[in-house]
> 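I'd like to ask you about the structure that follows.
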Amino acid sequence: MKVQFIGLGYIGLPTAAVVAQKGIQVHGVDVNHQVVETINQGKIHIIEPGLEQVVKEGVEKGCFKASKTPTEADVHLIVVPTPFKGNHEPDISFVESATKTILPLLKAGDTFIIESTSPVGTTEKMAKLIFDERPELQGQLAIAYCPERVLPGNVLHELIHNDRVIGGIDSESTQQACNFYQTFVQGELHPTNARTAEMCKLTENSSRDVQIAFANELSLICDKAGVNVWELIELANKHPRVNILQPGAGVGGHCIAVDPYFIVSDYPMESQIIGKAREINNYKSFWCAEKIRTAMLEFELKNGRKATTAIMGLAFKPNIDDLRESPAKYIAQKVMQSEQNNFLVVEPNISEHSVFKLTNYQEAYEKADIIAFLVAHDEFKTLDYKDDKVILDFAGVFRK
Ligand SMILES: NC(=O)c1ccc[n+]([C@@H]2O[C@H](COP(=O)([O-])OP(=O)(O)OC[C@H]3O[C@@H](n4cnc5c(N)ncnc54)[C@H](O)[C@@H]3O)[C@@H](O)[C@H]2O)c1
């Protein structure tokens, strides 16, 4: 068996490496020549614990080779980005162009699988695109969708041990795709159809988004009601069937803050809660920025001088270096829009940033008058609460 991956990023590369680890011949394709060169040297261009070793072994054993051009193979996986456009509509042009590049290479008996997070109906659209160009392959190809749900930082373990949802455009396609995943997945394989598998991925992330929106809405209500939201949630969760998530400065990352729009965009009238959750989570970031601005004005009025404000955290969640779609980054940009001075920006998980000059977290905490916790990084939890500072704890660092 020869397996081809189109797209060697955060998902495509580890999956390709894990398949190659099984002794299967893997051909990885990426449009970025630096990515291709790095991998062929047995190195990696992304941060993921343990991955470099697996890639190195695959390349050295001759099981894993990267290239800019696709080849003939038995199984083809599409793992390219699916961002959204300016109006929050999903952009499946990368999936389309990746499919087109392998169209001439497909042969009877091949399996074509999309792993990119995709709006419902994308797999059927790609099947149509393939069969319109290659009608002789009708009934001869397995075409399926299988979403990815790994946690960055633990990808190598989860790729093998997580359950997988696998949906084909017909039952033979589903079965053939399951046969492929059986070669390296130890979690359970759950067969379904392509549309359900596509919707499953979007549902998982929308579910998280809606639950976080509930916590964020509570935090807004509690702020007005004079109730400590962290204590409230802890107490409410003592109920055996209640499990409220934690509020924060908004919702970020390239999955939870993006995927719900794939449902809202296609089903706007029906997806009332999902759409509203996106609005609430976005509004929470705006609200945090307004709170910081207000605190700065109040400080100036009271003390007759401008406050120094520490922006604590830029990442989209605790203890990571990923700033994609980060609400903290958005808040920092918003409050610093009109003035850059009087701010100390902290992000302990990165060493430098192209826009923000970074300050050590302890130094910022000592020097600043106003402390705005935007992310609950572990480092911040080691700081002692200080009554002489204005502390805006949007992330629950002190939970006061
Ligand atoms: N990163 C995650 O944690 C995660 C989790 C679940 C699902 N996903 C989904 O998986 C998909 C891939 O995400 P990612 O994080 O790996 O993206 P990524 O940006 O890290 O990698 C994608 C790679 O595809 C390459 N590429 C783009 N167009 C190409 C083409 N036509 N031919 C060949 N290569 C091409 C890019 O150069 C890039 O290296 C997305 O749909 C994403 O939503 C990602």
Side-chain angles (χ1 to χ4, degrees), residues 4-18 26-40 43-49 51 55 65-71 73 76-85 88 90-105 112-120 122-123 126 129 145-159 162-165 197-206 208-209 252-263 315-317 320-326:
Q4 166 156 263
F5 286 81
I6 312 291
L8 295 171
Y10 282 95
I11 299 299
L13 178 58
T15 314
V18 163
V26 173
H27 183 85
V29 179
D30 205 289
V31 286
N32 184 331
H33 80 274
Q34 268 178 330
V35 168
V36 170
E37 272 178 29
T38 309
I39 293 169
N40 284 334
K43 297 187 181 140
I44 60 173
H45 63 291
I46 56 172
I47 296 172
E48 183 57 44
L51 179 61
V55 169
K65 188 175 179 306
S67 168
K68 277 189 80 181
T69 46
T71 182
H76 310 261
L77 289 109
I78 306 292
V79 204
V80 294
T82 39
F84 56 56
K85 302 175 195 161
H88 291 145
D91 178 1
I92 61 162
S93 62
F94 293 87
V95 174
E96 268 167 359
S97 83
T99 304
K100 282 180 188 161
T101 60
I102 57 166
L103 241 171
L105 298 159
F112 171 91
I113 301 169
I114 301 174
E115 284 204 359
S116 299
T117 302
S118 300
V120 174
T122 304
T123 311
M126 292 310 112
L129 194 153
Y145 181 77
C146 178
E148 186 47 76
R149 36 163 73 140
V150 289
L151 181 72
N154 195 28
V155 169
L156 288 181
H157 176 84
E158 294 207 357
L159 266 176
N162 284 357
D163 284 10
R164 299 297 290 254
V165 173
E198 289 161 343
M199 187 58 121
C200 189
K201 171 71 187 171
L202 305 181
T203 301
E204 288 161 16
N205 284 337
S206 299
R208 301 282 296 167
D209 200 41
H254 52 288
C255 284
I256 299 181
V258 174
D259 300 353
Y261 287 123
F262 288 19
I263 297 180
F316 84 80
K317 64 177 180 180
I320 57 162
D321 63 353
D322 194 340
L323 269 54
R324 286 182 289 178
E325 308 292 327
S326 168

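Atoms within each ligand, like the ligands themselves, are counted from 1 in listed order.
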> Provide the number and element of each atom of ligand 1 under 4.0 Å from a heavy atom of S97.
31 (N)

> Run the numbers for me: atoms of ligand 1, each under 4.0 Å from some heavy atom of G9, listed by number.
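Going through ligand 1 atom by atom, the ones under 4.0 Å from G9 are 16 (O), 18 (P), 20 (O), 21 (O), 23 (C).
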
> With atoms numbered from 1 as shown, which atoms in ligand 1 lie under 4.0 angstrom from a non-hydrogen atom of V79?
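Ligand 1 atoms under the 4.0 Å threshold to V79: 12 (C), 22 (C).
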
> Quick one: do H76 and Q4 satisfy side-chain hydrogen bond (donor to acceptor under 3.5 Å, both in side chains)? Show the steps, please.
CA-CA 5 Å; H76 310 261; Q4 166 156 263; 3.2 Å; yes

> Could you work out, for atom 17 (O) of ligand 1, the closest of F5, Y10, F262 by heavy-atom distance?
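Among F5, Y10, F262, the closest heavy atom to atom 17 (O) of ligand 1 belongs to Y10.
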
> Measure the distance from atom 34 (N) of ligand 1 to every protein heavy atom, then report the residue, atom name and distance (to 0.1 Å) of the closest one.
V31 N, 3.4 Å

> When only distance counts, is H254 in polar contact with ligand 1, meaning an N/O pair under 3.5 Å?
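Yes, H254 has an N/O under 3.5 Å of an N/O on ligand 1.
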
> Just verifying a value: how many Å separate S116 OG and Y145 OH, rounded to the nearest 0.5 Å?
7.0 Å

> Can you name the side-chain contact (heavy atoms from CB on, under 4.5 Å) partners of K65, sequence neighbours left out?
N40

> Would one find an N or O of E148, backbone or side chain, under 3.5 Å from an N or O of ligand 1?
no

> Does the E48 side chain pair with the main chain of P14, one donor and one acceptor, at a distance under 3.5 Å?
no

> In the protein, which heavy atom is nearest to atom 23 (C) of ligand 1, and how far is it?
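Closest protein heavy atom to atom 23 (C) of ligand 1: D30 OD2, 3.6 Å.
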
> For atom 27 (C) of ligand 1, state which one of P81, G7, G12 supplies the nearest heavy atom.
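Among P81, G7, G12, the closest heavy atom to atom 27 (C) of ligand 1 belongs to P81.
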
> Number the atoms of ligand 1 from 1 as they appear, then name those within less than 4.0 Å of a heavy atom of I6, with their elements.
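Here the atoms of ligand 1 in question are 32 (N), 33 (C).
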
> If you measure from atom 11 (C) of ligand 1 to every heavy atom of T82, I46, D322, V80, which option wins on shortest distance?
V80

> Atom OG1 in T99, atom CD1 in I78: separation rounded to 0.5 Å?
4.5 Å

> Which residue holds the protein heavy atom closest to atom 16 (O) of ligand 1, what is that atom called, and what is the gap in Å?
I11 N, 2.9 Å

> With the threshold set at under 4.0 angstrom, would you say R149 reaches ligand 1 through any of its heavy atoms?
no

> What I want to know is whether T117 and ligand 1 share at least one N or O pair that is separated by under 3.5 angstrom.
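Yes.
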
> Could you pull out the closest heavy-atom pair between D163 and R149, with the gap in Å?
O-NH1, 3.1 Å

> If you take all heavy atoms of S206 and I263, which pair is closest and at what distance?
OG-CD1, 3.5 Å

> Suppose we screen for ring-ring contact (aromatic ring centres under 6.0 Å, His included). Which residues come up paired with F262, at least two apart in sequence or across chains?
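If we apply the ring-ring contact (aromatic ring centres under 6.0 Å, His included) test to F262, skipping adjacent residues, there are no hits.
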
> Can you give me the closest heavy-atom contact between L51 and A17, atom names plus distance?
CD1-CB, 4.1 Å

